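Right, one structure below, let's go through it.
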2 protein chains.
Amino acid sequence: MNRKASSREEWATQIASLDQQTPARKEPITVGRIVATALALVEAEGFDALTMRRVAAALQTGPASLYAHVRNKAELDDLLIGALSRNVVPPKPDAARWREQVLDVCGQLRDQFLRYPGIARAALSAPPANLDTLRITEGLLAIFLAGGVSPRAAAWTIDAVLLYVSAYTVESSLRGEVDRGEVLERLRMLPASHFPCISAHVDELNSGEGHERFEFAIRSMLVSAG
Amino acid sequence: MNRKASSREEWATQIASLDQQTPARKEPITVGRIVATALALVEAEGFDALTMRRVAAALQTGPASLYAHVRNKAELDDLLIGALSRNVVPPKPDAARWREQVLDVCGQLRDQFLRYPGIARAALSAPPANLDTLRITEGLLAIFLAGGVSPRAAAWTIDAVLLYVSAYTVESSLRGEVDRGEVLERLRMLPASHFPCISAHVDELNSGEGHERFEFAIRSMLVSAG
DNA sequence: TTCGTGAGTAGAACAGTGTTCGTGACAACT
DNA sequence: AGTTGTCACGAACACTGTTCTACTCACGAA
């Protein structure tokens, strides 16, 4: 009975394949296709929508099929931030304008993180030994050293800067959901008796268009070095 | 039949309550008890172990009971970082040593985050309008202003500093799991052909005992201000 | 040509997760 | 004494990541 049923199913699939001019063999699943569809999913619906089932469904298969190419979801996250880091191209070091070059690299990374909302959370959880992110570290280190910064200060500043970029983009990603004016309204409601400084400077606290705060923060980490 | 069965159960619970000298009425669930058990859970097993079911089980009840006091898990997270922020006490502003005071507040916050491993992730996702974290912002703002920093620079620097503390503690929390020597070993394996700067300064990249990197980063954000 | 063999493909299931529904019991006010 | 409303909570739903286990199928050897 079982064989008969399976032959019936096979028969049905053969009939169904008559409609497609392409051969019935489906395109094989590769790591590249998985990463590509995952990135598209995150770009469209955010990092929370990235589930193994969603990726598998987009590839017209079940979730189990992914585990032949990817060990974990953690590894998939890792691959994503790797693919994303590959889009960042560090400039050739120019000693005269090394601060601007650092700012440029950080801006590239920030834009990559913001393009895929919420993915920066994965970057914070990712192991620091990812080969593609190390390429960015290498590029930054070259810029710093060309700028005359001591190796130790360079290393520590790079660490701080990369950490800040991740944190900034994590926050910035979910600020998109919440209305920003809402925050300002709540700050205005604070009683001056308990929050004198905040009440007095609520406009300054909420100021900063675009990425002004971002560039301010990065620059402030660079002035001491060198 | 149903009534008979329920009366039987009631009879059984009455008999069971004979053993306890405390009255059968269980201690009521309150927000405070929920937060306290949640904090204990995070302190002992980390943020990933914090689930509604685990908290409910520790309170000897089902998960549904929590939702009468807490809207969401997100709100519970918020309450946790609020309770944790209440442990940070900003010093009375002293214009002469305002930088050290900022470092002190950041250190307090860092230690709180590290005491409850992984909870900093919740701090990054939390809305910025939390009343207890605003208390810290207020304290910092007072210190900055007393130190003669302009309101705008103060506001932006506070933002950057708090973001960095969260990111630092997030990373530091999971570095506890992975062996640190492992990272160093991987860095040593990098080919100097592709990673000349990293290979040349691998020791500097891995240096920094205790919270040296932390204090370096915070200080570097403060030198430009003022 | 026939027969394994081994890699790639998935369906089903498991142990979790956050959250909601509806029932039930208790305390307090009328 | 009766009613009301708040709190407690078992059961269930829709998810999540992950694994087990069959099953297909191209490819190389006898």
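Quick note: numbers below take in every heavy atom, side chains included, and nothing from hydrogens, waters or symmetry partners. Remember, it's a predicted structure, so these values are computed and weren't measured experimentally. Order of the sequence lines sets the chain letters (A, B, ...), proteins ahead of strands, with each chain counted from 1.
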Practice problem: Please report, rounded to the nearest Å, how far the C1' atom of C/dT9 is from the CE atom of A/Met52. | Solution: 15 Å
Quiz item: Got a second to check how far B/Leu134's CG is from B/Leu140's CG, nearest 0.5 Å?
Solution: 11.5 Å
Exercise. Please list residues of residues 67-78 of chain A whose heavy atoms come under 4.0 Å from any atom in DNA chain D, ordered by number; otherwise none.
Key: A/Tyr67, A/Asn72, A/Lys73
Quiz prompt | Verdict with reasoning, A/Glu45 to A/Arg54, per side chain to side chain contact (heavy atoms under 4.5 Å, CB included) | solution = CA-CA 11 Å; A/Glu45 302 188 39; A/Arg54 291 290 305 266; 2.7 Å; yes
Exercise. For A/Asp48 and D/dC15, give me the distance from atom CG to atom P, rounded to whole Å.
Key: 15 Å
Self-check item: Heavy-atom donor-acceptor pair, A/Ser220 side chain to A/Ala217 backbone, under 3.5 Å
Solution: yes
Quiz item: Among B/Asp78, B/Val55, B/Thr51, B/Leu50, which one satisfies side chain to side chain contact (heavy atoms under 4.5 Å, CB included) with B/Lys73?
Solution: B/Leu50
Practice problem: Starting from C1' on C/dT20, measure out to CG on B/Leu66 and report it in whole angstrom. | Solution: 14 Å
Practice problem: Starting at atom CD1 of A/Ile29, determine the distance to atom P of C/dG8, rounded to an integer number of angstrom. | Solution: 11 Å
Quiz prompt | Identified side chain to side chain contact (heavy atoms under 4.5 Å, CB included) partner of B/Val161 from the options B/Thr157, B/Ile158, B/Leu163 | solution = B/Thr157
May I have the list of side-chain donor-acceptor pairs in residues 209-216 of chain A shorter than 3.5 Å, sequence neighbours left out?
residue: A/His211; atom: ND1; partner: A/Tyr168; partner atom: OH; Å: 2.9
residue: A/Glu212; atom: OE1; partner: A/Glu209; partner atom: N; Å: 3.1
residue: A/Arg213; atom: NE; partner: B/Asp159; partner atom: OD2; Å: 3.2
residue: A/Arg213; atom: NH1; partner: A/Leu205; partner atom: O; Å: 3.2
residue: A/Arg213; atom: NH1; partner: A/Ser207; partner atom: O; Å: 2.4
residue: A/Arg213; atom: NH2; partner: A/Leu205; partner atom: O; Å: 3.3

Practice problem: Can you tell me which residue pairs pass the side-chain hydrogen bond (donor to acceptor under 3.5 Å, both in side chains) test with a partner in residues 113-124 of chain B, sequence neighbours excluded? | Solution: B/Glu43-B/Arg115, B/Asp48-B/Arg121
Practice problem: Could you grab the distance from atom CZ of A/Arg110 to atom CG of A/Leu103, nearest 0.5 Å is fine? | Solution: 8.0 Å
Practice problem: Sugar-phosphate means primed atoms, P, OP1 and OP2; the rest is base. With that split, encode nucleotides 11-16 of chain C 5' to 3' as B, S or - using protein heavy atoms under 4.0 Å. | Solution: B-B---
Quiz prompt | Counterpart residues, ring pair (Phe, Tyr, Trp, His ring centres under 6.0 Å), relative to A/Phe144 (two or more places apart) | solution = A/Trp98
Self-check item: Nearest-0.5 Å distance, CD of residue A/Glu171 to OG of residue B/Ser166
Solution: 7.5 Å
Quiz item: Can you give the dot-bracket line for DNA chain D, where a pair is Watson-Crick or G-U wobble with both atom distances under 3.5 Å, crossing pairs use [ ], and | marks a partner on another strand?
Solution: .|||||||||||||||||||||||||||||
